[in-house]
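Working notes, structure below.
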Number of protein chains: 2
Amino acid sequence: MAKSNDTGKIDISTEAKIKEAARTVFYRKGFAATRTRDIADEAGINLALLNYYFRSKQKLFEIIMIETLSGFVQNMLIVVNDEKTTLEKKISEIASRYIDLIIKEPEIPTFIVAEIRSNPNLLLEKLPVKKAMANSILSKQLQQAIAEGKITEPNPLHFLMNLMGLIIFPFIAKPLLMGGSDLNTPAFNKVIKERKQLIPIWIKAMMKAK
Amino acid sequence: MAKSNDTGKIDISTEAKIKEAARTVFYRKGFAATRTRDIADEAGINLALLNYYFRSKQKLFEIIMIETLSGFVQNMLIVVNDEKTTLEKKISEIASRYIDLIIKEPEIPTFIVAEIRSNPNLLLEKLPVKKAMANSILSKQLQQAIAEGKITEPNPLHFLMNLMGLIIFPFIAKPLLMGGSDLNTPAFNKVIKERKQLIPIWIKAMMKAK
DNA sequence: GTCTATAACGTGATAGAC
DNA sequence: GTCTATCACGTTATAGAC
């Protein structure tokens with residue numbers, strides 16, 4: 001439990017400290033390359049406490065993984081199922097929210113991609129992205145736009161690949177595109193922020209292209 | 001050295017067998033999660049031979065990594081610096097070649113992305129993608145198109161992110177988008193192959209959008 | 001709850017026979 | 001060149017004192 005102490009700062013429980021440290025290290029290095037000692041050092045606690053609170057490295061990892069994935073997907077589902085907004089508004093909302101989210105934690109996309117490779121079947125059945133998309137309000141709005149002839153490409157899977165790719169790919173490919181390892185350089189972030197406005201324009205143009 | 005034997009099949013040297021096995025296992029699991037015993041088993045040889053031929057797991061990995069990266073980048077540079085082709089032709093060539101290449105070895109994009117995270121500074125100085133692009137024929141053609149007012153978005157970095165993202169992202173995100181772990185399902189490949197035609201159309205539309 | 005010490009195991013690498 | 005046996009070490013996890 002977090003509670004304030006007499007310095008006025010927030011007093012974070014040992015359990016929470018370990019979890020936060022685990023998140024940091026797992027995000028940066030992945031499951032296989034992180035050592036439980038790295039997490040203990042990062043948390044400023046003793047190695048034995050990790051097992052006391054979380055039983056094993058694997059259990060701790062799964063907690064981080066589930067929280068990360070569900071946070072990442074839920075973020076989208078909220079926007080995608082809003083009954084009050086137009087298709088165009090949803091697209092710019094998704095672009096804007098994800099870009100802000102990933103700028104804050106730029107390691108998340110590569111973490112998810114890299115770790116799902118090792119764990120493929122375990123968690124994905126619980127996160128039916130495709131099915132959730134197929135039943136969404138956004139999907140209905142897409143179908144309607146197709147029926148009205150406003151869109152030329154009828155496969156929603158292409159739409160999803162394009163939108164997510166335009167948003168997420170630059171972060172994943174940054175080391176290749178820009179060189180260097182720092183995922184949060186100002187020059188890069190400036191270009192990325194431009195994309196909040198550009199992606200909706202691009203997607204609109206793509207959907208009408210033929 | 002590969003030489004034919006009396007069965008008519010190709011006789012592959014032990015060294016080559018180990019390298020191929022290493023490629024397979026490293027692509028699937030990454031450096032940190034692969035065990036040298038996995039590679040030896042995959043190659044059908046003894047563990048000691050791995051060290052006899054390649055000295056260490058690290059050395060073997062670096063060979064695979066360098067071959068993979070340079071193959072991946074060179075493939076693009078050939079197209080991008082062809083003086084005889086138009087800008088439009090280059091875009092469809094890149095899309096077509098990369099999609100074919102990745103369908104053959106669908107683990108490569110995630111492998112590269114995941115491993116560069118661990119090795120960020122080591123190899124990237126030798127692979128200046130951004131600089132190579134900046135000096136390319138394609139880049140000159142882009143500048144000319146901008147000067148002639150045929151393109152609205154003047155930042156070539158967006159162009160590169162968009163083109164590579166539309167091509168590569170679906171492979172990286174497949175487990176999330178489609179569920180399951182097999183990267184080479186027919187239904188997925190069918191959708192992907194459509195993109196060989198669609199991406200050039202989309203890119204063209206995006207570049208003119210405003 | 002938190003620590004030190006240590007057990008139990010897996011892994012990379014090598015020695016040495018053939 | 002190829003194998004078996006083994007070493008040396010790092011890592012996860014636990015026992016037990018406080």
Side-chain angles (χ1 to χ4, degrees), chain A residues 1-7 9-65 114-115 117-119 122, chain B residues 1-7 9-66 114-115 118-119 122:
Chain A
M1 274 304 206
K3 55 180 180 181
S4 55
N5 61 17
D6 53 4
T7 70
K9 290 186 183 176
I10 302 285
D11 209 15
I12 298 179
S13 71
T14 302
E15 184 173 351
K17 263 194 292 185
I18 295 172
K19 214 165 92 173
E20 274 315 294
R23 193 186 308 275
T24 302
V25 181
F26 282 139
Y27 281 3
R28 189 166 55 233
K29 317 211 312 185
F31 177 79
T34 92
R35 308 294 144 209
T36 50
R37 281 171 175 82
D38 299 340
I39 297 172
D41 291 349
E42 176 79 23
I45 53 91
N46 189 276
L47 175 56
L49 283 178
L50 189 153
N51 293 86
Y52 174 77
Y53 280 104
F54 296 96
R55 275 189 56 87
S56 75
K57 178 188 173 186
Q58 182 68 37
K59 295 276 185 202
L60 178 52
F61 176 79
E62 282 169 14
I63 290 169
I64 302 297
M65 189 68 176
E115 299 306 320
R117 170 175 60 160
S118 321
N119 256 329
L122 191 62
Chain B
M1 272 306 204
K3 55 179 178 182
S4 55
N5 61 17
D6 52 8
T7 71
K9 291 186 181 175
I10 302 285
D11 210 16
I12 297 178
S13 72
T14 302
E15 183 173 351
K17 264 194 294 186
I18 296 171
K19 214 166 93 174
E20 275 315 294
R23 193 185 308 276
T24 302
V25 181
F26 281 139
Y27 280 4
R28 190 165 54 231
K29 315 212 309 184
F31 177 80
T34 93
R35 309 293 145 211
T36 51
R37 283 167 175 81
D38 299 339
I39 296 172
D41 291 349
E42 176 80 21
I45 53 92
N46 191 276
L47 174 58
L49 283 178
L50 189 152
N51 293 86
Y52 174 76
Y53 282 103
F54 296 97
R55 276 191 57 88
S56 75
K57 177 189 175 187
Q58 182 68 38
K59 295 273 184 203
L60 179 53
F61 176 78
E62 282 170 12
I63 290 169
I64 302 297
M65 189 69 176
I66 288 170
E115 298 308 318
S118 321
N119 255 330
L122 191 61

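Predicted model only: the values in this text are computed from it and were never measured. Within every chain, numbering begins at 1; the chains are lettered A, B, ... in the order of the sequence lines, protein sequences first and strands thereafter.
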Inter-residue atom distance B:Thr36.OG1 - B:Phe61.CZ, 0.5 Å rounding:
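The distance works out to 14.5 Å.
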If I take atom NZ from residue A:Lys19 and atom OG1 from residue A:Thr24, how far apart are they, to the nearest 0.5 angstrom?
12.5 Å
Is the closest basic N to carboxylate O distance between B:Lys17 and B:Glu20 below 4.0 Å?
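No, this pair does not count.
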Starting at [atom1] of [X] and ending at [atom2] of [N], how long is that distance when rounded to a whole Å?
| X | N | atom1 | atom2 | answer |
| --- | --- | --- | --- | --- |
| A:Tyr53 | C:dC3 | OH | P | 10 Å |
| B:Arg55 | D:dG1 | CZ | P | 17 Å |
| B:Ile39 | C:dG10 | CD1 | P | 19 Å |
| A:Lys59 | D:dT14 | NZ | P | 12 Å |
| A:Ile18 | C:dC3 | CD1 | C1' | 13 Å |
| B:Asn46 | D:dT6 | CG | P | 14 Å |
| B:Leu47 | D:dC3 | CG | C1' | 11 Å |
| A:Asp38 | D:dA13 | CG | P | 14 Å |

Could you work out which one of [options] sits closest to the side chain of [X]?
| X | options | result |
| --- | --- | --- |
| B:Ile45 | D:dC3, C:dT2, D:dT11 | D:dC3 |
| A:Ser56 | D:dA13, C:dT2, C:dC3 | D:dA13 |
| B:Asn51 | D:dG1, C:dA13, C:dG1 | C:dA13 |
| B:Arg37 | C:dT14, C:dA13, D:dA13 | C:dA13 |
| B:Lys57 | C:dC3, C:dG12, D:dC3 | C:dG12 |
| A:Arg35 | D:dT11, C:dT4, D:dT4 | D:dT11 |
| A:Leu49 | D:dG1, C:dT2, D:dT4 | C:dT2 |

Locate the shortest heavy-atom distance separating B:Phe26 from A:Arg117; write the atom from each residue and the value.
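Shortest heavy-atom separation between B:Phe26 and A:Arg117 comes out as O-NH1, 4.1 Å.
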Heavy-atom pair with the smallest gap, counting every atom of B:Phe31 and B:Gln58:
CZ-OE1, 3.3 Å
Please tell me if B:Thr36 has a side-chain N or O lying less than 4.0 Å from either OP1 or OP2 of C:dG12.
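Yes, because at least one side-chain N or O of B:Thr36 sits under 4.0 Å from OP1 or OP2 of C:dG12.
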Tell me what B:Tyr52 touches on the nucleic acid: a base, only sugar-phosphate, or nothing, going by heavy atoms under 4.0 Å.
base
Please classify the nucleic acid contact of A:Leu50 as base, sugar-phosphate, or nothing, using heavy-atom distances under 4.0 Å.
nothing
